[in-house]
There are 2 protein chains.
Amino acid sequence: METPTTRPATLDDVARAAGVSRATASRVLGGYGFASVDARDRVGAAADRLGYVPNTTARALVRGAGVRLVVAVSGTDATVLDDPYVDRLVSAAARVCAPHGVGVALEWLPLGAPAGLRRLGGDRSVCGVLLVNTTAPVLDAVPAGLRGRVVSIGTGSPAVPSFDVDNAAGAEAVLRHLHAGGRRRIAMVTGPRWLSCAERSVTAYQRLMRAAGLPVRLVTGDFTAARGGRAALEALTRWPDTDAIYAASDATALGAIAALRGRGIGVPHDVAVAGFDDIPYAAVSSPALTTATHPVARIATAAATAVLDGRPVPPVTAFPSTLVARESA
Amino acid sequence: METPTTRPATLDDVARAAGVSRATASRVLGGYGFASVDARDRVGAAADRLGYVPNTTARALVRGAGVRLVVAVSGTDATVLDDPYVDRLVSAAARVCAPHGVGVALEWLPLGAPAGLRRLGGDRSVCGVLLVNTTAPVLDAVPAGLRGRVVSIGTGSPAVPSFDVDNAAGAEAVLRHLHAGGRRRIAMVTGPRWLSCAERSVTAYQRLMRAAGLPVRLVTGDFTAARGGRAALEALTRWPDTDAIYAASDATALGAIAALRGRGIGVPHDVAVAGFDDIPYAAVSSPALTTATHPVARIATAAATAVLDGRPVPPVTAFPSTLVARESA
DNA sequence: CGCACACCTGAGAGCGCTACCACCACAAAC
DNA sequence: GTTTGTGGTGGTAGCGCTCTCAGGTGTGCG
């Protein structure tokens with residue numbers, strides 16, 4: 001392999017150097033169709049010598065394939081993109097896409113403005129879309145041209161397959177643990193209420209509480225630590241006998257713990273706190289956080305792989321969530 | 001705008017619908033060259049009506065522009081990609097690149113194997129490279145064809161501009177705070193020793209300690225919480241009178257706090273602990289973590305913008321780091 | 001010997017777009 | 001009248017690649 005002094009080698013250069021036609025070189029390098037051993041060797045050697053790297057752009061153009069996978073995050077404003085959850089999603093997707101010559105773009109999809117989706121559907125350079133935090137109206141607005149190239153991380157629809165953690169199972173695991181620990185006055189700090197995939201754990205919470213004859217105590221959060229702290233205090237103000245808080249995310253739970261500590265309330269002695277996600281910091285918080293796993297990277301990997309492959313996928317892929325019992329509950 | 005029933009509209013379709021040539025349509029939509037008001041109106045209307053979206057791939061091909069920005073993370077093995085720091089970098093870059101029709105790819109660049117870099121240099125679909133955690137050998141291996149399209153987040157070189165937090169200033173701010181708090185036996189848990197940008201805070205630590213006539217106590221870490229915990233315990237074993245630990249990252253510091261708590265050592269009463277990064281969880285840990293800021297998203301945004309613009313940038317751009325004094329030190 | 005059928009190859013069309021170039025109309029300057 | 005812009009326009013050559021298609025060579029078989 002020699003350093004390209006002027007410009008990167010093209011397929012034509014390789015073909016010329018190997019003494020074959022461009023078609024043959026393409027066949028050899030592409031690994032399809034027939035090619036004699038001799039041709040294969042000569043082309044391979046020439047490609048090595050010239051340091052040939054296929055131009056993914058040209059390939060994509062002629063094949064009609066896309067070069068970008070768009071991660072579109074719904075939300076009321078662009079701050080939804082500041083979420084570490086989104087960071088992990090994008091990073092995992094970018095890792096899966098790299099070997100395919102596909103890059104990842106991150107966009108905010110304003111809630112109730114599906115025009116952005118239509119634009120993505122008309123963009124031939126987009127090979128697929130990962131919908132995040134999506135809602136029914138957005139799902140309904142998915143243009144026909146995007147069918148089969150768009151998946152949802154979270155809520156799905158008949159037309160859009162979904163990949164998500166089994167929210168209900170995670171909630172159930174945590175709540176049963178709380179119940180087994182003797183907690184009976186369990187308040188829940190939710191995620192944003194418009195987010196239907198997050199509502200599933202709220203629904204599970206309500207169902208379980210009612211089934212056990214326990215009071216339902218809901219406070220709205222937004223997955224952030226700051227809001228989690230305020231919500232926890234609000235719960236304790238409204239229902240002073242609350243003995244456990246189930247937070248919809250680990251960040252929320254960590255914020256709750258900090259707020260309770262600020263009030264001199266012992267965790268887990270006075271109030272148990274449990275989260276949902278099992279982020280790396282859950283293990284080293286004080287007290288160490290009891291939570292349920294949320295395999296974000298695995299979910300993003302599976303979702304990105306699905307759109308990259310283009311093969312039909314089942315309408316719903318649920319990833320198991322298991323309890324991680326630590327000290328906080 | 002009508003729903004594309006068959007295939008997305010091309011520039012030819014728009015030109016035909018507007019009754020002009022493809023060249024004129026391209027000029028209008030591209031916003032360059034001459035075009036009569038009439039032509040502008042007709043092309044604009046036709047584009048709207050057909051829901052025309054330019055094909056970025058074709059545009060990039062003819063312009064010789066890339067469509068991917070590669071985030072290449074150096075490290076001994078692929079687990080370097082699992083770092084939340086990398087997640088934030090990639091996510092911020094993907095956000096900046098999206099409006100430019102550029103996608104982000106994430107790759108591991110094996111330490112001491114610059115062949116990967118050569119491949120990126122020959123790949124015309126790559127518009128730029130963000131080198132992360134890079135080392136001198138890697139920087140030296142940057143092929144000439146990549147010059148001007150590659151920047152480093154961390155250590156740079158004459159040929160590769162760098163964007164990084166001012167590690168020395170951050171270290172100094174934290175160490176002065178520790179010193180002002182009466183701490184004199186300050187041990188440092190470093191990052192990986194081969195990582196030259198991280199070494200800058202080690203150097204600053206050594207310089208400050210020596211200048212103050214204080215002992216230098218170094219333990220090697222790797223930015224993770226788990227290793228941070230072990231390293232903190234190791235420091236306390238080797239130097240039992242240690243009264244403060246300066247950790248090279250917040251994760252390390254959080255791990256250290258957890259480990260000390262496990263040994264019944266009070267933070268900050270017995271040992272003060274300070275970190276570096278100011279991650280969201282630093283504010284809600286127990287005790288709340290004293291640290292110095294590391295504007296990761298801003299750095300990644302600036303770096304990505306630089307390669308996207310293609311304009312020459314100064315060899316070093318240092319982002320200020322300021323102390324955030326909380327409870328742990 | 002003729003035919004079918006493998007294997008192998010190169011010519012060339014075209015993906016959708018940009019940008020260079022030639023061209024035209026008209027007005028101002030010489 | 002001729003030149004010199006100046007605004008506006010269309011033809012068309014590619015960017016680098018894939019893939020169809022027509023054609024070539026050899027082998028097995030009736």
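Everything numeric here is computed off the predicted structure, so don't read it as measured data. So that the names make sense, note that chain A is the first sequence line, chain B the second, and so on, each numbered from 1.
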- Task: Note the angle between the end axes of the helix from C:dC1-D:dG30 to C:dC30-D:dG1, five pairs defining each, rounded to 10 degrees.
- Result: 60°

- Task: State which residues pass ring-ring contact (aromatic ring centres under 6.0 Å, His included) with A:Phe319; sequence neighbours excluded, sorted by chain then number.
- Result: none

- Task: At the 4.0 Å heavy-atom cut-off to chain A, mark where contacts on DNA chain C begin and end, going 5' to 3'.
- Result: C:dC7 to C:dG16

- Item | Those residues that, when tested against A:Arg16, pass salt bridge (charged side-chain N to carboxylate O under 4.0 Å, His left out) (two or more places apart) | A:Asp13

- Task: Hey, could you give me the OG1/CG distance between B:Thr56 and B:Leu61, rounded to the nearest 0.5 Å?
- Result: 12.5 Å

- Query: Under a 4.5 Å cut-off applied to non-hydrogen side-chain atoms, are A:Arg68 and A:Val126 in contact?
  - Reply: yes

- Message: Under 4.0 Å between a side-chain nitrogen and a carboxylate oxygen: does that hold for A:Arg42 and A:Asp38?
- Response: yes

- Got a second to check how far A:Cys127's SG is from A:Leu308's CG, nearest 0.5 Å? 5.5 Å

Which pairs would a plain distance check flag for residues 299-306 of chain B, meaning a side-chain donor or acceptor within less than 3.5 Å of a matching protein atom at least two apart in sequence or in another chain?
residue: B:Thr301; atom: OG1; partner: B:Ala297; partner atom: O; Å: 2.7
residue: B:Thr305; atom: OG1; partner: B:Thr301; partner atom: O; Å: 2.6

- Message: Test your reading of the model: is there a side-chain donor-acceptor pair from A:Trp108 to the backbone of A:Gly75, 3.5 Å cut-off?
- Response: yes

- May I ask you to decide if A:Ala35's main-chain N or O and A:Arg40's side chain share a donor-acceptor pair within less than 3.5 Å? yes

- Quick tally for nucleotides 8-18 of chain D: nucleotides whose base has a protein heavy atom under 4.0 Å get B, sugar-phosphate-only ones S, the rest -, giving BBBBBBBBBBB

- salt bridge (Lys or Arg N to Asp or Glu O under 4.0 Å) assessment of A:Arg95 paired with B:Asp87: CA-CA 10 Å; A:Arg95 199 166 162 179; B:Asp87 294 346; over 6 Å; no

